[in-house]
Structure formats: structure tokens, C-alpha cells
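Working notes, beginning with the structure itself.
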Amino acid sequence: FSNMILIDEINRAPAKTQAALFETMEERQATIDGNTYKFEQPFMVLATQNPIEQEGTYALPEAQLDRFIMKIVVQHNSEEEELEIMRKAASKSFGEVQAVLSIDDLHALQAEICKIHVDKELERYMVQIISATREPAKFGLEDIAENIMFGASPRASIDLYKAAKAKAFLRGNDFVSPADIGYVIHNVLRHRIVLSYEARAKGIHTDEIISSIIETLPRR
């Protein structure tokens with residue numbers, strides 16, 4: 001019951017805990033002993049997943065992964081960043097976390113993002129990207145068809161639309177451009193495409209599939 005929930009290494013959470021997230025992330029509420037409790041807005045779930053230690057963990061089902069707007073791959077820090085972390089951790093000098101905006105500020109930002117314009121041709125372009133993950137051959141992508149078991153769901157279209165508008169806002173624009181879509185497309189889709197067994201055996205990653213789609217479909 002908080003505005004922002006951080007779940008560390010979600011793949012280590014028991015299956016019952018993961019299942020409980022379905023209602024909270026989709027309905028923004030929790031049902032306990034037959035009573036339903038609505039969450040205050042905004043409500044956001046952030047989760048980390050260790051990509052190395054997977055033995056004995058509970059892989060998240062596709063339907064649950066689909067409820068995350070983005071999957072962001074976090075790389076190691078630079079040497080300078082790691083040096084700073086090392087010094088601060090050793091001397092316990094991280095300091096207090098400072099608030100950067102209020103809930104009212106966040107609501108105001110969300111209202112501004114809703115005003116961002118999206119051209120009809122770009123809307124169709126985003127839908128076609130999602131459609132290409134389901135029917136690659138229809139868009140001249142026969143070479144990747146055998147690598148995809150399941151394409152992205154309609155939630156991917158919704159989240160791509162939202163993410164592109166947010167990126168345009170962060171770049172200081174009042175309209176979405178193809179570049180905004182390109183900035184967010186991998187983060188929005190990489191956890192929503194289920195690769196075939198053959199693709200996994202060949203070491204193919206979903207990012208490669210997404211890149212092939214973007215390179216083939218004409219930008220509007």
C-alpha cells in the first residue's frame with residue numbers, strides 16, 4: 001500500500017507472491033479475506049531480476065511479464081561510478097534520499113503527457129510493429145517467422161503509445177516522432193516476444209527480432 005513498490009529479484013519470490021501481483025498491477029487493488037482495498041494513485045511496481053542465477057527460481061509467466069510497461073537491461077557501472085560507490089559504501093556516506101517532486105507534481109506531469117500529439121500515421125505504424133511480431137510474413141519478415149513462438153499482446157500497443165508520448169515530453173516536444181518510438185521500442189517489447197525453441201538454441205535474442213522489424217517496416 002504505497003505509491004511505488006520495489007521488488008528485488010522478483011524471480012526469487014514464491015509463486016503465490018508472484019500471483020498476488022496480477023491483481024495489484026492490473027486492477028490497482030488488493031483483495032484480502034474477501035475485502036477489496038483500492039490503491040492510491042499513482043501506483044507503480046518496479047522489479048529487478050538476476051539474469052545469471054536462475055536455478056531454483058520461479059520464472060515469471062508471460063501474462064505477468066506483460067503487465068510491466070518496460071524491461072530495461074541494466075549494465076555495469078562505469079569505473080568512475082563504481083569508484084564513487086565503493087568509497088561511499090565503505091565510509092557509509094551515501095546520505096539521505098531527497099524528494100525531487102510531489103505526488104501533485106507527478107499528476108501534473110501526467111496531464112501534460114496526455115496532451116502530446118500523435119499523428120494518425122504514426123499510430124498505425126506502432127500498431128503495425130506489434131502486428132509484425134505476430135505475423136512476420138505479412139510484412140516481408142519470413143526470415144524471422146520461425147524464431148517467434150508468440151508475438152506481443154494488445155498491451156504492447158497501449159504501452160508503446162504511452163512510452164513514446166512520455167519520451168517526446170522528456171525531449172521537450174509536444175508531438176511524437178519516429179525517433180521517440182525508436183528510443184523506447186526495445187524496452188517495451190523485449191519481454192513480450194516469446195522466442196521459439198529453435199531461436200533460443202541458436203542464441204537469438206528478442207532485441208535482434210525487434211531490430212529486424214524496425215529496419216524492415218517503413219517509417220511513417
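Along the sequence shown, the residues carry numbers beginning at 1. Hydrogens, waters and symmetry mates play no part in the numbers below; they use all other heavy atoms, side chains included.
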Item to complete: Give the intermediate values and the outcome of side chain to side chain contact (heavy atoms under 4.5 Å, CB included) for residues Val45 and Phe68.
Response: CA-CA 8 Å; Val45 175; Phe68 285 95; 4.1 Å; yes
Under 3.5 Å, which donor-acceptor pairs do the side chains of residues 79-87 form with other protein atoms, sequence neighbours left out?
from  : atom 1 : to    : atom 2 : distance (Å)
Glu81 : OE1    : Ser78 : N      : 2.9
Glu81 : OE1    : Ser78 : OG     : 3.3
Glu84 : OE2    : Lys88 : NZ     : 3.0

Worksheet item: In terms of hydrophobic clustering (I, L, V, M, F, W, Y; side-chain heavy atoms under 4.5 Å; direct or indirect links), are Ile7 and Phe1 co-clustered?
Response: yes
Worksheet item: Transitively linked via ILVMFWY side-chain contacts under 4.5 Å: Ile210 with Ile158?
Response: no
Item to complete: Dump the intermediate steps for side chain to side chain contact (heavy atoms under 4.5 Å, CB included) on Lys167 and Asn173, then the final yes or no.
Response: CA-CA 9 Å; Lys167 186 62 180 179; Asn173 296 327; over 6 Å; no
Response to the item:
CZ (Phe169) and CZ (Phe175) are apart, to the nearest 0.5 Å, by 14.5 Å
Worksheet item: Judged by atom type as modelled, is there a donor-acceptor pair below 3.5 Å linking the side chain of Thr31 to the main-chain atoms of Gly34?
Response: no
Fill in: Asn3 to Pro42 - nearest heavy-atom pair and separation
ND2-O, 2.8 Å
Discussion item. Is it the case that the side chains of Gln29 and Glu23 hold a donor-acceptor pair, with the cut-off being a distance below 3.5 Å and no angle test?
Written reply: yes
Item to complete: Starting at CZ of Arg200, measure out to CD1 of Ile204 and round the result to the nearest 0.5 Å.
Response: 11.5 Å
Worksheet item: Roughly how far apart are Gln110 CD and Gln41 CD, rounded to 0.5 Å?
Response: 8.0 Å
Worksheet item: Side chains of Val118 and Lys165: does their closest heavy-atom pair fall under 4.5 Å?
Response: yes
Item to complete: Over all heavy atoms of both residues, which pair between Ala164 and Ile181 is shortest? Give the atoms and the distance, please.
Response: CB-CG1, 4.1 Å
Discussion item. Any salt bridge linking Asp159 with Arg192? Criterion: basic side-chain nitrogen under 4.0 Å from a carboxylate oxygen.
Written reply: yes
Practice prompt. Report yes if the side chains of Val184 and Leu160 come closer than 4.5 Å at any heavy-atom pair, otherwise no.
Written response: yes
Worksheet item: Mind checking whether Val74 and Val188 sit in one hydrophobic cluster, side chains of I, L, V, M, F, W, Y counted as touching below 4.5 Å?
Response: no
Worksheet item: So, Thr206 versus His191: side-chain donor-acceptor pair below 3.5 Å or not?
Response: no
Practice prompt. Quick one: pull up CG in Leu65 and CD1 in Ile10 and give me the separation to the nearest 0.5 Å.
Written response: 8.0 Å
Worksheet item: How far does NE2 of His107 sit from CG of Leu101, to the nearest 0.5 angstrom?
Response: 10.5 Å
Item to complete: Identify the heavy atoms of Leu122 and Pro178 that sit nearest to each other, and give their distance.
Response: CD2-CG, 3.9 Å
Worksheet item: Should we say atom CE of Met70 is surrounded by more than 12 heavy atoms from elsewhere, each under 6.0 Å from it?
Response: yes
Practice prompt. For Arg134 and Ala152, indicate whether the former's side chain and the latter's backbone hold a donor-acceptor pair under 3.5 Å.
Written response: yes
Discussion item. Between Ile129 and Ile214, does the side chain to side chain contact (heavy atoms under 4.5 Å, CB included) criterion hold? Intermediate values first, please.
Written reply: CA-CA 7 Å; Ile129 291 173; Ile214 292 297; 3.7 Å; yes
Fill in: Tyr197 atom OH, neighbour heavy-atom count above 12 within 6.0 Å
no
Discussion item. Taking the side chain as everything from C-beta on, heavy atoms only, tell me whether Ile209 gets closer than 4.5 Å to Thr133.
Written reply: no
Worksheet item: Side chains of Asp207 and Leu189: closer than 4.5 Å at any heavy-atom pair?
Response: no
Practice prompt. Inspect the surroundings of OH in Tyr183 and state if more than 12 heavy atoms from other residues, nucleotides or ligands are less than 6.0 Å away.
Written response: no
Discussion item. Looking at Phe22, I want to see if its CZ is surrounded by more than 12 non-hydrogen atoms of other residues, nucleotides or ligands under 6.0 Å.
Written reply: yes
Item to complete: Grab the two heavy atoms, one from Ile116 and one from Ala168, that are nearest each other, plus how far apart they are.
Response: CG2-CB, 4.1 Å
Item to complete: Give a yes or no on whether the backbone of Asp174 and the side-chain of Lys115 come within a donor-acceptor separation of less than 3.5 Å.
Response: no
Worksheet item: In terms of hydrophobic clusters joined by side-chain contacts under 4.5 Å, are Leu46 and Leu170 together?
Response: no
Worksheet item: What are the two closest heavy atoms between Ser2 and Phe43, and how far apart are they?
Response: O-CD1, 3.2 Å
Worksheet item: So, Glu146 and Lys202, do they make that salt bridge, N to O below 4.0 Å?
Response: yes
Item to complete: Take Val194 and Glu62 through the test side chain to side chain contact (heavy atoms under 4.5 Å, CB included) and record every step on the way to the result.
Response: CA-CA 8 Å; Val194 180; Glu62 284 76 16; 3.5 Å; yes
Worksheet item: How about Thr36 and Glu27: do any of their side-chain heavy atoms sit closer than 4.5 Å?
Response: no
Fill in: Residues, nucleotides or ligands: over 12 heavy atoms within 6.0 Å of Glu40 CD
no
Discussion item. Could you check whether any side-chain N or O of Arg124 sits under 3.5 Å from a backbone N or O of Lys120, counting only pairs where one atom can act as donor and the other as acceptor?
Written reply: no
Worksheet item: Transitively linked via ILVMFWY side-chain contacts under 4.5 Å: Phe150 with Leu141?
Response: no
Fill in: Side chain Thr48, main chain Glu9, donor-acceptor under 3.5 Å
yes
Worksheet entry | Reported CG-to-NZ distance for the pair Asn187 and Lys71, which is rounded to 0.5 angstrom | 11.0 Å
Discussion item. Using a 3.5 Å distance criterion without hydrogens, assess whether the side chain of Asp105 forms a donor-acceptor pair with backbone atoms of Ser102.
Written reply: yes
Practice prompt. Measure from the side-chain N and O atoms of Thr216 to the backbone N and O of Ile213, and report whether any donor-acceptor pair falls under 3.5 Å.
Written response: no
Worksheet item: What heavy-atom pair brings Pro136 and Ala145 nearest, and what distance separates the two atoms?
Response: CG-CA, 3.9 Å
Discussion item. Test your reading of the model: is there a side-chain donor-acceptor pair from Thr17 to the backbone of Ala13, 3.5 Å cut-off?
Written reply: no
